[in-house]
Amino acid sequence: MVLETLNDSARTTALADEAHALMALLYPICRSITGDGVRQTLDHVNTIAPLRRTEVPSGTPVFDWTVPREWNIRDAYIADAAGQRLVDFKQHSLHVVSYSTPVRERMSRQALEPHLHSLPDRPHAIPYRTAYYRETWGFCLSQQARDALGEGPFDVCIDSSLQDGHLSIGECLIPGQSGDEAVVYTHTCHPALANDNLSGIALAAVLARELATCKPRLTWRFVFGPGTIGSLTWLSRNEGRLGHVRAGLVMGLLGDSGPLNYKHSRRGGTLIDRAAALAMRDHGGHELPFEPYGYDERQFCSPGFDLPFGRLTRSPNATFAQYHNSDDNLDFVGKPALAGALQALGSVVQAVDGNQRFINLSPKGEPQLGKRGLYGNVGGTGPGAFEHGLLWLLNQSDGRHDLINIAQRSGLPFETLARGAAALQTAALLAPAPATAGGHETKAGGLT
Ligand code: ZN
């Protein structure tokens with residue numbers, strides 16, 4: 001079974017520390033849907049999970065969209081007549097509306113006002129705003145700073161560039177024993193926001209490295225790309241291979257203190273839905289029905305693809321007060337939350353990668369487990385979880401029920417049953433069931 005290390009809380013605690021340290025490195029970098037900030041981010045991820053990089057030129061058509069011009073920014077500020085910076089991009093990358101066009105002007109407060117964004121209900125926080133597909137510019141600042149600006153005149157500068165360039169995607173490929181694939185996608189386009197996108201980037205990086213030390217059954221692809229245009233671009237470049245995708249997961253927003261939330265795929269009842277539902281049961285999470293709003297699962301689950309993709313977050317988008325403002329910072333993200341998310345991710349990956357159906361080779365009555373060293377020597381006490389798992393496995397392994405079915409019905413964790421199945425195979429009591437023609441998946445049977 002892959003990722004057994006993530007069943008160990010000491011290991012997940014150490015990995016959460018490492019993920020948090022990576023987030024601290026990435027936090028000051030100004031990211032957007034394109035640009036050098038994304039490349040620097042991928043450089044850091046590459047030190048943990050080796051990435052294959054793809055640079056897709058501006059202007060490339062992607063379904064109903066087009067890869068935009070590349071945006072880079074060096075400096076931006078609003079200064080008073082004495083040259084003192086009242087709003088300074090170098091202090092916080094959220095201060096500039098992402099994709100702002102260049103500006104260098106002296107202007108009145110009245111002229112500046114339509115270009116200012118603040119949060120009256122959260123007066124100390126800087127909002128996050130974007131203008132990817134509109135030619136405009138703007139500054140984001142706290143309501144308190146806005147109230148203190150004065151009447152001007154102001155020197156306004158945005159030293160940015162919007163030029164033909166590239167959109168950057170990183171992909172960590174972990175070859176499996178089979179040609180079937182699983183895909184994990186996390187978005188890389190947000191600037192200084194910790195929970196909403198850095199937690200996803202950092203946890204995907206450590207998860208990929210951990211998985212690469214195992215020998216997974218499926219080939220796993222961890223894709224780091226911008227929201228929407230990134231997943232669309234990846235889909236357009238991989239369209240011929242999508243028939244091999246057995247499961248997919250969009251992950252992010254995993255560091256806040258809320259419970260885990262798994263959002264089901266459009267299709268429902270697929271391998272990822274069943275594996276994640278089990279993980280939510282065992283890690284205190286919730287299940288959400290599919291809806292066509294959210295993150296990149298929207299693209300993977302669009303009807304022309306209808307891929308088996310779900311989404312794992314803690315608090316979903318727009319449901320917490322720190323969402324898309326400067327309060328989503330490194331202090332907002334807790335290491336225990338990251339560690340708990342890793343354990344749940346480990347359970348999801350274990351079930352996706354290790355789900356299988358078996359045949360009981362000694363189905364007439366219960367085989368005698370004691371003489372094979374598989375059952376407690378002292379009679380009179382009830383079986384422990386492992387022995388219980390053996391009984392469930394032997395009883396249900398008629399070739400129709402897979403490990404996820406048995407975990408659902410027995411209430412036992414997937415990992416207990418996977419260990420039990422390995423022991424029963426060693427004892428020649430279980431054998432893998434022959435693959436059904438076409439590897440068809442159903443709610444009852446599940447893909448194997
Ligand atoms: Zn977001």
Side-chain angles (χ1 to χ4, degrees), residues 19 22-23 26-35 37-38 41-42 45 65 68 71 92-100 117-119 121-122 125-134 138 140 167-170 184-205 223-234 249-258 260-263 288 291-301 309-334 337-338 341:
L22 175 61
M23 291 170 63
L26 298 178
Y27 185 75
I29 298 173
C30 182
R31 276 165 295 277
S32 186
I33 52 174
T34 62
V38 180
T41 299
L42 296 179
V45 170
W65 301 62
W71 185 70
H92 208 303
S93 60
L94 286 179
H95 275 316
V96 174
V97 172
S98 193
Y99 260 70
S100 281
H117 304 271
S118 57
L119 297 170
D121 295 342
R122 205 168 177 81
I126 309 166
Y128 165 49
R129 295 285 181 269
T130 66
Y132 301 141
Y133 304 105
R134 283 175 291 133
C140 302
L167 177 147
S168 311
I169 296 176
V184 176
Y185 193 93
T186 194
H187 60 283
T188 54
C189 49
H190 291 26
L193 294 167
N195 192 39
D196 184 3
N197 97 167
L198 291 186
S199 67
I201 295 170
L203 290 182
V223 184
F224 300 80
T228 307
I229 189 67
S231 49
L232 287 166
T233 302
W234 186 88
L249 186 68
V250 170
M251 59 177 275
L253 298 92
L254 287 161
D256 65 271
S257 58
L260 290 160
N261 276 290
Y262 173 74
K263 174 179 161 182
L288 303 173
E291 57 153 333
Y293 183 65
Y295 285 103
D296 290 286
E297 70 279 6
R298 294 155 67 166
Q299 314 311 329
F300 296 110
C301 292
F309 266 68
R311 185 193 75 191
L312 186 67
T313 61
R314 284 189 178 276
S315 298
N317 48 298
T319 61
F320 53 100
Q322 295 83 356
Y323 177 72
H324 281 188
N325 66 65
S326 55
D327 286 339
D328 181 357
N329 54 34
L330 292 169
D331 293 336
F332 179 56
V333 172
L338 295 173

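Order of appearance sets the numbers: ligands from 1, and atoms from 1 within every ligand. FYI, side chains are in, hydrogens and waters are out, and symmetry mates aren't considered; it's all heavy atoms of this structure.
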Answer yes if the ring centres of F309 and Y185 are under 6.0 angstrom apart, and no otherwise.
no
For residues Y132 and W71, establish whether the separation of their ring centroids is below 6.0 Å.
no
I would like to know whether T34 and Y99 meet side chain to side chain donor-acceptor pair (under 3.5 Å); could you show each step before the answer?
CA-CA 9 Å; T34 62; Y99 260 70; 2.6 Å; yes
Mind counting the protein N, O or S atoms sitting less than 2.8 Å from the Zn ion (ligand 1)?
3
Carefully, step by step, assess N325 and L94 under the rule side chain to side chain contact (heavy atoms under 4.5 Å, CB included).
CA-CA 8 Å; N325 66 65; L94 286 179; 5.8 Å; no
In short, L253 meets P316 closest at the heavy-atom pair CD2-C, 4.4 Å
Heavy-atom side-chain contact between H187 and D196 under 4.5 Å:
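They are in side-chain contact.
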